[in-house]
**Q** 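I have a structure I would like to understand better, so I am pasting it below and will then ask my questions one at a time.
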Amino acid sequence: MKTPFTLDVLCNEPWASPGTEMRAIVHECATFEVTKLQFVGCPSNALIVSRPGDSVVLDSARACARFLQERGLKIYSDSNSEEFPGSFEFQENIQDEIDLVVCIGGDGTILHANSLFRSAVPPVVAFAGGSLGFLTSYDFGQMDNVLTRVLSTAVPITMRMRLSAQIVRDQEQMEPECMVL
């Protein structure tokens with residue numbers, strides 16, 4: 001079962017009552033208020049998504065996996081789980097059990113992580129390992145400090161929305177539905 005979390009949002013939206021335990025967020029409009037997330041207890045399952053083909057990023061992802069395993073989290077990987085000792089391969093049927101996603105890479109890595117989930121995406125912590133990093137929040141050198149805070153205290157988050165789209169021509173669906181951030 002997913003670890004619940006609370007959201008404390010400094011606004012007057014009905015879904016934002018402080019301290020309400022949640023397991024997923026389905027948010028239908030943009031918000032610019034300060035939002036803080038805090039897990040109720042320690043998360044159980046984390047998914048690590050890293051940019052493929054980059055040995056520096058892979059080493060960082062392994063360090064992240066060790067850090068989270070030492071704190072009792074079960075680690076899943078979207079790539080070859082053999083690259084992460086003690087981890088499990090992420091499969092679509094367990095996506096509802098993932099409490100936290102850690103991305104190490106660039107914006108493309110975050111977009112890929114987002115695409116792995118059909119419905120609500122768990123909280124995502126993103127560490128820069130790419131060239132641009134518009135969506136990545138932290139430098140990997142901050143990993144220990146950032147993940148410790150995420151696991152133990154209320155942290156500010158950015159609420160992002162996904163757009164679901166499909167191409168229809170002459171009343172026939174041309175492409176499968178796709179999600180964009």
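Heavy atoms only: backbone and side chains are in, while hydrogens, waters and symmetry mates are out. In this chain, numbering begins with 1 at the start of the sequence shown.
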**Q** Measure the CZ-CD1 distance between F67 and I48 for me, rounded to the nearest 0.5 Å.
**A**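 Reported value, rounded in 0.5 Å steps: 11.0 Å.
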**Q** Below 4.5 Å, heavy atoms only, C-beta onward: do L147 and C64 meet side chain to side chain?
**A**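 Of all side-chain heavy-atom pairs linking C64 with L147, at least one is under 4.5 Å.
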**Q** Hey, is the main chain of V57 close enough, under 3.5 Å, to the side chain of D54 for a donor-acceptor pair?
**A**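 Flag set: sc D54 to bb V57 pair under 3.5 Å.
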**Q** Could you check V101 against V125 for side-chain contact (heavy atoms from CB on, under 4.5 Å), going step by step and ending with a plain yes or no?
**A** CA-CA 6 Å; V101 178; V125 179; over 6 Å; no
**Q** Could you measure the distance from the CG atom of N45 to the CG atom of D96? Nearest 0.5 Å is fine.
**A**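 The distance works out to 11.5 Å.
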**Q** Output the distance between atom NZ (K74) and atom CD1 (I98), rounded to the nearest 0.5 Å.
**A**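 Answer rounded to 0.5 Å: 9.0 Å.
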**Q** Determine, step by step, whether D78 and H112 satisfy the side-chain contact (heavy atoms from CB on, under 4.5 Å) criterion, reporting the C-alpha distance in whole Å, the side-chain angles of both residues, the deciding distance to 0.1 Å, and the verdict.
**A** CA-CA 10 Å; D78 75 315; H112 171 66; 2.8 Å; yes
**Q** Are I94 and E97 side-chain neighbours, meaning at least one heavy-atom pair lies under 4.5 Å?
**A**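 When only atoms from C-beta onward are counted, E97 and I94 do touch, with a gap below 4.5 Å.
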**Q** Measuring from atom CG of N145 to atom OH of Y138, what distance do you get when rounded to the nearest 0.5 angstrom?
**A**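 The distance works out to 9.0 Å.
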**Q** Do D99 and F39 come within less than 4.5 Å of each other through their side chains, counting heavy atoms only?
**A**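 With C-beta onward as the side chain, the pair touches.
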**Q** Check whether any side-chain heavy atom of P43 lies under 4.5 Å from a side-chain heavy atom of L73, and answer yes or no.
**A**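 In short, these two side chains touch, coming nearer than 4.5 Å.
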**Q** Please give me the minimum heavy-atom distance between Q38 and S152, naming the atom from each residue.
**A**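 For Q38 and S152, the tightest heavy-atom pair comes out as NE2-O, 3.6 Å.
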**Q** So L151 and R71, do their side chains get closer than 4.5 Å, heavy atoms only?
**A**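 When only atoms from C-beta onward are counted, L151 and R71 do touch, with a gap below 4.5 Å.
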**Q** Is the shortest side-chain heavy-atom distance between I104 and V49 below 4.5 Å?
**A**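 In short, these two side chains do not touch, never coming nearer than 4.5 Å.
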**Q** Are the ring centres of F90 and Y76 closer than 6.0 Å?
**A**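 Here the rings of Y76 and F90 have centres that are no less than 6.0 Å from each other.
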**Q** Answer yes or no: is there a side-chain heavy-atom contact under 4.5 Å between L100 and P122?
**A**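 No, side chains not in contact.
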**Q** Is there a side-chain contact between V102 and F127 (heavy atoms, below 4.5 Å)?
**A**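 Yes, side chains in contact.
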**Q** Looking only at heavy atoms, which two atoms of A126 and I110 are closest? And how far apart?
**A**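 That would be CB-CD1, 3.5 Å.
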**Q** Which heavy atom of C103 sits nearest a heavy atom of V124, and at what distance?
**A**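 So the minimum-distance heavy-atom pair works out to SG-CG1, 3.8 Å.
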**Q** Mind checking whether L47 and F88 sit in one hydrophobic cluster, side chains of I, L, V, M, F, W, Y counted as touching below 4.5 Å?
**A**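 Yes, because L47 and F88 connect within a single hydrophobic cluster, where side-chain heavy atoms sit under 4.5 Å apart.
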